[in-house]
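Notes to accompany the following structure.
One is the number of the first residue; the rest follow in order along the sequence.
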Amino acid sequence: MKMKKPGIGVMKAVQASAEWKAREGYRPTEREIRDKRASMGSNLFYHPKLELVDVPIPVPKDDEVLLKVGGAAVCGSDTMFLGADEEDYLYYCGHCKLPVIIGHEFSGEVVKAGKNVKTFKEGDLVVAETMNGCGECAACRAGLVNQCENLEEIGFTLDGGYAEYLVAKEKFCFHVGDLVSVYGSRERALEIAAMVEPTAVAYNGMFVRGGGFCPGGNVAVFGAGPIGLSATSLAKAAGAAKIFTFEKEPVRMKLAKDVGADYVFDPDELFAAGTSPSEKVMELTDGVGVEMAVEATHDQAETIPEIEQMVSIGGTIAQIGISPVRTPVMSTYLQKKGVNYHCSIGSSGHDIWPHVIRLISSGRIDPGKFLTKCYRLEDAIEAIEAAKRLEGGKFVITPNW
């Protein structure tokens, strides 16, 4: 396919905007006021809207590359920019600064490089880390770049991939040209490369923050959205003996099987049959349980009580899913078994992205197995709505073809 040629100096993009107005009872922090950004968008952005707009094509700085976007994958976070809650506030409860072009899972072809860029040249296919740490704060100096005190995030505070072009700093970019030989074309390689980010999020939670598990260990994954499916794929590649994936949507249950789950259960069906996820896992592991439980949903109040019962002695809980409500935890259960409970957000640093890219290029994992459909940029809202309705695994927007 040939890439479209946008108008000179102007491009199409999907932009989120809203009025800056603190929710009643919320007091903005000093940084929020100074930068007009929100640590939780749902507290500060009123009457939000998401629309296709015409904006200037960005110009790369000396340390940046300009990318012609190949693929921009739809994330559950993106669906939270659709509509508003009952008080007309943004649903998204994470860090953001509006207006912004959304889309934090993306790939592209370098079409221009800043004068100080040495690693990339025109024509290279690349992906870029979403979470851009400052490298100077206490968190960054401790190696916790995803917890950066001055964090900027592509697609949330910096313009993202739901556009024909975007800019990214050289130091956050990685080559993905090896994927062309795996997937047969530059276009398909870029569509798959847009899924590196969610796979890296799962990798961070499981193997960097969570510390991983020994080959032969049992793993449970709650949720078969893109993060959960990535976690299931990674568990298979890492040598899990038995993988249990819990999901309620039939389409996603099948996808979980496709990427390596040994057992896939609908928790509601288990409860209706007089059993539970934890009882089923303990039955199928002869009472051992799972060495790692990956939580990748927004329903922790439902999943954590089951995980408490099924995690093995000395096991690990990798908390990746995000919820805007408090989660009840019976800490005594975890203490008695010496459970490690690790929380993560994001995917940057620790050489995570190169490892994920190598896993894909070697065929150890294949995100393409759950890429359900590609959409044109003009149909991006439709793609986001389909993701919100949980109609498949992953949807990818292709702005230039």
Side-chain angles (χ1 to χ4, degrees), residues 1-6 11 57-58 60-73 103-132 154-155 160-204 226 230 233-234 237 347-371 374 377 394-401:
M1 297 181 183
K2 291 185 177 180
M3 289 190 172
K4 298 183 299 183
K5 293 182 179 180
M11 68 176 184
I57 294 175
K61 297 178 182 177
D62 292 346
D63 61 347
E64 294 179 334
V65 291
L66 175 66
L67 303 180
K68 179 176 281 190
V69 179
H104 58 282
E105 305 174 5
F106 60 87
S107 63
E109 176 185 335
V110 176
V111 292
K112 187 175 182 180
K115 68 178 184 180
N116 295 334
V117 172
K118 298 179 176 63
T119 313
F120 303 96
K121 64 183 184 305
E122 184 176 332
D124 285 346
L125 306 186
V126 304
V127 290
E129 289 179 331
T130 295
M131 303 183 82
N132 294 184
I154 298 175
Y162 285 21
E164 292 173 304
Y165 294 87
L166 65 72
V167 291
K169 288 188 178 296
E170 175 189 23
K171 65 180 180 180
F172 297 122
C173 291
F174 301 95
H175 289 278
V176 290
D178 286 349
L179 299 186
V180 176
S181 60
V182 178
Y183 291 101
S185 71
R186 291 169 69 87
E187 290 82 8
R188 186 61 175 174
L190 287 170
E191 290 165 5
I192 300 299
M195 300 169 69
V196 168
E197 195 275 349
T199 309
V201 169
Y203 190 108
N204 183 36
S230 297
S233 301
L234 289 167
S347 62
S348 296
H350 303 282
D351 215 27
I352 295 170
W353 284 55
H355 278 74
V356 167
I357 294 166
R358 290 197 292 268
L359 281 169
I360 298 172
S361 62
S362 67
R364 302 295 188 207
I365 61 174
D366 181 9
K369 289 182 177 180
F370 55 94
L371 199 174
C374 292
L377 182 61
K394 200 68 169 176
F395 302 96
V396 171
I397 295 161
T398 55
N400 285 291
W401 59 78

Minimum heavy-atom distance between [X] and [Y], given as atom pair plus value:
X: Ala194; Y: Ala73; answer: O-CB, 3.8 Å
X: Ala113; Y: Phe120; answer: CB-O, 4.1 Å
X: Glu64; Y: Val117; answer: O-CG2, 3.4 Å
X: Val396; Y: Gly71; answer: CG1-CA, 3.9 Å
X: Glu164; Y: Asn400; answer: O-ND2, 2.9 Å
X: Trp401; Y: Glu187; answer: CZ2-O, 3.5 Å

So which of Leu66, Leu67, Leu166 actually passes side-chain contact (heavy atoms from CB on, under 4.5 Å) with Pro60? Leu66
According to salt bridge (Lys or Arg N to Asp or Glu O under 4.0 Å), who are the partners of Glu105, at least two apart in sequence or on a separate chain? Lys394
My understanding is that only residues two or more places apart in sequence, or in another chain, count here; which of them pass salt bridge (Lys or Arg N to Asp or Glu O under 4.0 Å) with Asp366? none
Could you measure the distance from the [atom1] atom of [X] to the [atom2] atom of [Y]? Nearest 0.5 Å is fine.
X: His104; Y: Ile154; atom1: NE2; atom2: CD1; result: 11.0 Å
X: Ser348; Y: Glu129; atom1: OG; atom2: CD; result: 4.0 Å
X: Ser107; Y: Arg186; atom1: OG; atom2: CZ; result: 11.0 Å
X: Ile397; Y: Phe106; atom1: CD1; atom2: CZ; result: 13.5 Å

[X]: partners by side chain to side chain donor-acceptor pair (under 3.5 Å), with sequence neighbours left out:
X: Ser347; answer: Trp353
X: Asn132; answer: none
X: Lys121; answer: Asp124
X: Arg188; answer: Glu191

Quick one: does Val167's side chain get under 4.5 Å of Lys61's, heavy atoms only? no
Any ring-ring contact (aromatic ring centres under 6.0 Å, His included) pairs touching residues 178-204, not counting sequence neighbours? Tyr203-Phe207
Partner residues of [X] under the side chain to side chain contact (heavy atoms under 4.5 Å, CB included) criterion, sequence neighbours left out:
X: Thr199; result: Ser230, Leu234, Val356, Ile365, Pro367
X: Asn116; result: Asp62
X: Ala163; result: Met11, Ala13, Ile101
X: Ala189; result: Leu179, Val180

Inspect the surroundings of CZ in Arg358 and state if more than 12 heavy atoms from other residues, nucleotides or ligands are less than 6.0 Å away. yes
Under the criterion side-chain contact (heavy atoms from CB on, under 4.5 Å), I'd like the reasoning laid out for Ile360 against Val182: C-alpha separation, chi angles, the key distance, then a yes or no. CA-CA 9 Å; Ile360 298 172; Val182 178; 5.8 Å; no
According to the side-chain hydrogen bond (donor to acceptor under 3.5 Å, both in side chains) rule, which pairs have a member within residues 166-180, sequence neighbours left out? Asp63-Lys169, Thr119-Glu170
